[in-house]
Every structure is written in structure tokens, then in C-alpha cells.
Amino acid sequence: LKKMALGGINDHIGGGFSRYSTDAFWKVPHFEKMLYDNAQLLSAYSIAYKNQNNELYLETIESIYNFLMTELKDISGGFYAALDADSEGIEGKFYIWSFADFMRITKNDNLLATYFSVTEEGNWEDGHNILFRTETDDLFCKKNNLTQGNWKENVIAQNRLLLNERNTRIRPGLDDKILLNWNALLVNGLIEAFRATKNEKYLNEAISLGKFLLNTFLNSDGSINRTFKNGKSSIAGLLIDYVTFVDALFNLYQITFDEQFIKQTTQLLEYI
């Protein structure tokens, strides 16, 4: 989890994880971002933070959540399936940086370039750079005689500038299906985030999402649908949809004691 959070598979500017790494070091991602990966990683980092109290894990929880809310949440309350890897027909173009652009935007912040492994010759194809880290903040600050709090403030400020610049680029394509299975996984991830941090924004989002799923995917005969798009749910649910939905509803009941969730859990189990 530590290597993934530091690596290029994690989007250090906009948050969220790409689908997988193409190397053994978590450096070069396949740049597609999937809801089901980020939902389960939200669970994993939350459980890890609860057990280890590692600040890197807490920051990762927050960055995944911010990505989901900013990039994948639909106005209906559900979450989209994925962001493509490509933009303008080139994989990763939205996410990579030339050395010149990086230095221009950060006003020649050489330390930040070192922090994110950005070099003049590039660390990826055609002289471009993927942002990735090789050290935790405490090690980097000790090595460079920096105050950790001040350094984090600088990173946050510079990331904001980089994100603003990136947002002017042509965006990757969006897969705007809302899938029950993957959204149910996110309910669980949000509940784990609340359990680990006690931050009620995670719980409130989990409850809101759970109610959206009930209102959207549950049919009058007790069956469920699999997908939602353009205001309509369709396609008969598979067993995995039932199982993940039951799991999410049961977790919602355990955290809220709201009887509607245990009632629906029981009815779905009986239907299965």
C-alpha cells in the first residue's frame, strides 16, 4: 500500500488510482481509472490506517475520496464506471508533464521536481514525466533539511497550480454507466473510511449512495437491475450484484441501525 501510494499508479495531482502498473515498481500506470479499483482501495487504505495510523494512508483516503467526488459522481447521486486511459488518442497524455512545463508552473521549484521524480530528460516516453515519489515525506524532509509542515503546505499549493493547468487539457473519455456492483463496493469503502477516521462526510456519502441504489436498482418484485444510464436502470442483476448489494446494505445497517437497510438485506437474501 505504501509503494502504491508513492508510485505513479497514484495520481498525485488529482487523486485516485489507475487500473494497474505496467512495471514492478508501481511507477508506470495503465492510465485508465476504474470505480471498482478505487472503491476497494478506499476500503484497504482505511483498514490499514485504522491499524497503523500512518499519515500517508490518511492522505490517500482523502485523495481517493476527492477524486471520486470530483471526477466520477453523477448529479443523480451514483458514481460513473471509469475514466479512459487516452485523450487525443494518446495514452496518458492528460497526466504526464514535460520538464519545461512542470518548472514553468511551479516557478522552478527544483525540490518539488526531485520530490516527484521529474527530470529534464524525462522518466517516461519521449522525454515526458510521470509524477511519482520514492520517499515518504518524513524521509524527504530529513534529507533536505525541511520542516515537514511547511513542505506539505508547499506541495499542496503547487499541486493546486499543476491541477489548474491540467484542467485546461482535453480530458480522457468518460464511461458514464452507473453499475450497482461497483457502487455497492464504494458504499463499503466509504463506511470503512468513516470507521477509520470518524469523519462524518464519509458516512453521510455512504448513506446517500445506499439510498440512491435502493431507489434506482430495486424492482417491485424483489429483483435488482445491474446498470443505470440516462435516467433508466436496466439489465437483470447477476449474483455478484446481489451479493455486493446485500453486503453494502448490511454494513449500512451495522453503522446506522436504520431498519430500512436490514429489511432490504433480508428481502434480498430471501430472493437470492
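The shown structure was predicted, so the numbers you read here are calculated from the model rather than taken from an experiment.
- Summarising the geometry, atom CG belonging to N181 is positioned 10.5 Å from atom CG belonging to L213; distances are rounded to the nearest 0.5 Å.
- For the ring-ring contact (aromatic ring centres under 6.0 Å, His included) criterion with Y65, the lone passing option out of F79, Y202, F194 is Y202.
- The main-chain N or O of Q148 is never found under 3.5 Å from a side-chain atom of D138 such that the two would form a donor-acceptor pair.
- Not a single salt bridge (charged side-chain N to carboxylate O under 4.0 Å, His left out) links E120 to another residue, sequence neighbours left out.
- In terms of the salt bridge (charged side-chain N to carboxylate O under 4.0 Å, His left out) criterion, residue partners of E59 (sequence neighbours excluded) are, by chain and number, K152.
- N38 places no side-chain N or O within 3.5 Å of a backbone atom of I64 that could act as its donor or acceptor partner.
- Note that CZ of F245 is 7.5 Å distant from CD of Q264, once rounded to the nearest 0.5 Å.
- Scored by the side-chain hydrogen bond (donor to acceptor under 3.5 Å, both in side chains) test, D258 finds Q260 as partners (sequence neighbours excluded).
- Pairs engaging residues 85-104 under the ring-ring contact (aromatic ring centres under 6.0 Å, His included) rule: F31-Y95 [sequence neighbours left out].
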Inset, instruction - Determine, stepwise, if the pair K107 / Q158 fulfils side chain to side chain contact (heavy atoms under 4.5 Å, CB included). - result: CA-CA 9 Å; K107 297 180 172 59; Q158 295 284 37; 5.6 Å; no
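- Through direct or indirect side-chain contacts shorter than 4.5 Å among Ile, Leu, Val, Met, Phe, Trp and Tyr, L238 is connected to I240.
- When all heavy atoms are compared, the tightest approach of L209 to L190 is CD2-CD1, 4.3 Å.
- Using a 4.5 Å cut-off on side-chain heavy atoms (C-beta onward), L161 and E165 make no contact.
- Of the options D137, N154, N110, a side chain to side chain donor-acceptor pair (under 3.5 Å) to Y115 is made by D137 and by none of the others.
- Summarising the geometry of L112 relative to T106, their closest heavy-atom pair is CD2-CG2, 3.6 Å, with the distance given to 0.1 Å.
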Inset, instruction - Apply side chain to side chain contact (heavy atoms under 4.5 Å, CB included) to the pair R195 and Q254, showing each step before the final yes or no. - result: CA-CA 11 Å; R195 285 177 173 147; Q254 288 181 301; 4.1 Å; yes
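- Rounding to the nearest 0.5 Å places CG of L185 at 10.5 Å from OH of Y36.
- Looking only at atom types and distance, the side chain of N188 has no donor-acceptor partner in the side chain of S43 under 3.5 Å away.
- For N159 (side chain) and H12 (main-chain N/O), a donor-acceptor pair under 3.5 Å exists by modelled atom type.
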Inset, instruction - Check step by step if side chain to side chain contact (heavy atoms under 4.5 Å, CB included) holds for L35 and Y80. - result: CA-CA 7 Å; L35 175 60; Y80 302 131; over 6 Å; no
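- For the salt bridge (charged side-chain N to carboxylate O under 4.0 Å, His left out) condition, the pairs that include at least one residue of residues 230-249, sequence neighbours left out, are R226-D241.
- Of all heavy-atom pairs between A196 and S46, the closest is CB-O, 3.2 Å.
- Remark: K143 pairs with E135 by the salt bridge (charged side-chain N to carboxylate O under 4.0 Å, His left out) rule, at least two apart or across chains.
- Residues L1 and N54 are not in side-chain contact: their nearest non-hydrogen atoms beyond the backbone lie 4.5 Å or more apart.
- Taken to the nearest 0.5 Å, the OG1 atom of T256 stands 7.5 Å off from the CG atom of L203.
- Summarising the local packing, CZ of F140 is surrounded by more than 12 heavy atoms from other residues, nucleotides or ligands at distances under 6.0 Å.
- Nearest heavy atom pair, residue N129 against residue T119, reads OD1-N, 3.0 Å.
- To the nearest 0.5 Å, the span separating CG on N164 from CD1 on I105 amounts to 9.5 Å.
- Annotation: salt bridge (charged side-chain N to carboxylate O under 4.0 Å, His left out) contacts involving residues 207-223, sequence neighbours excluded, are absent.
- The line from CG of N10 to OG of S18 is 8.5 Å long, rounded to the nearest 0.5 Å.
- In the model, N66 has no side-chain atom that pairs as donor or acceptor with a side-chain atom of T70 under 3.5 Å.
- Using a 4.5 Å heavy-atom threshold, the side chains of L174 and L83 count as touching.
- Checked against ring pair (Phe, Tyr, Trp, His ring centres under 6.0 Å), F17 has the following partners two or more places apart in sequence or in another chain: Y45.
- Classification of the F257-Y253 ring pair by plane angle, with boundaries at 30° and 60°, yields perpendicular.
- Put simply, the side chain of N225 does not reach to within 4.5 Å of the side chain of I235, judged on heavy atoms.
- Side-chain contact between H30 and E91: present, with at least one pair of heavy atoms (C-beta onward) separated by less than 4.5 Å.
- Of the possible donor and acceptor atoms, one in the side chain of S63 sits under 3.5 Å from a partner among the backbone N and O of T60.
- Each salt bridge (charged side-chain N to carboxylate O under 4.0 Å, His left out) pair with one or both residues in residues 6-27, not counting sequence neighbours, appears once here: D11-K33, D11-R166, R19-E32.
- Residues satisfying the salt bridge (charged side-chain N to carboxylate O under 4.0 Å, His left out) test with K2, not counting sequence neighbours, are none.
- Side-chain atoms of L269 and V246, non-hydrogen and from C-beta on, do get closer than 4.5 Å to each other.
- By the side chain to side chain contact (heavy atoms under 4.5 Å, CB included) test, S76 is found to be paired with D74, I178, F212, F228, residues two or more places apart in sequence or in another chain being considered.
- Between D37 and Y20, the side chains place no donor N or O within less than 3.5 Å of an acceptor N or O (distance only, hydrogens not considered).
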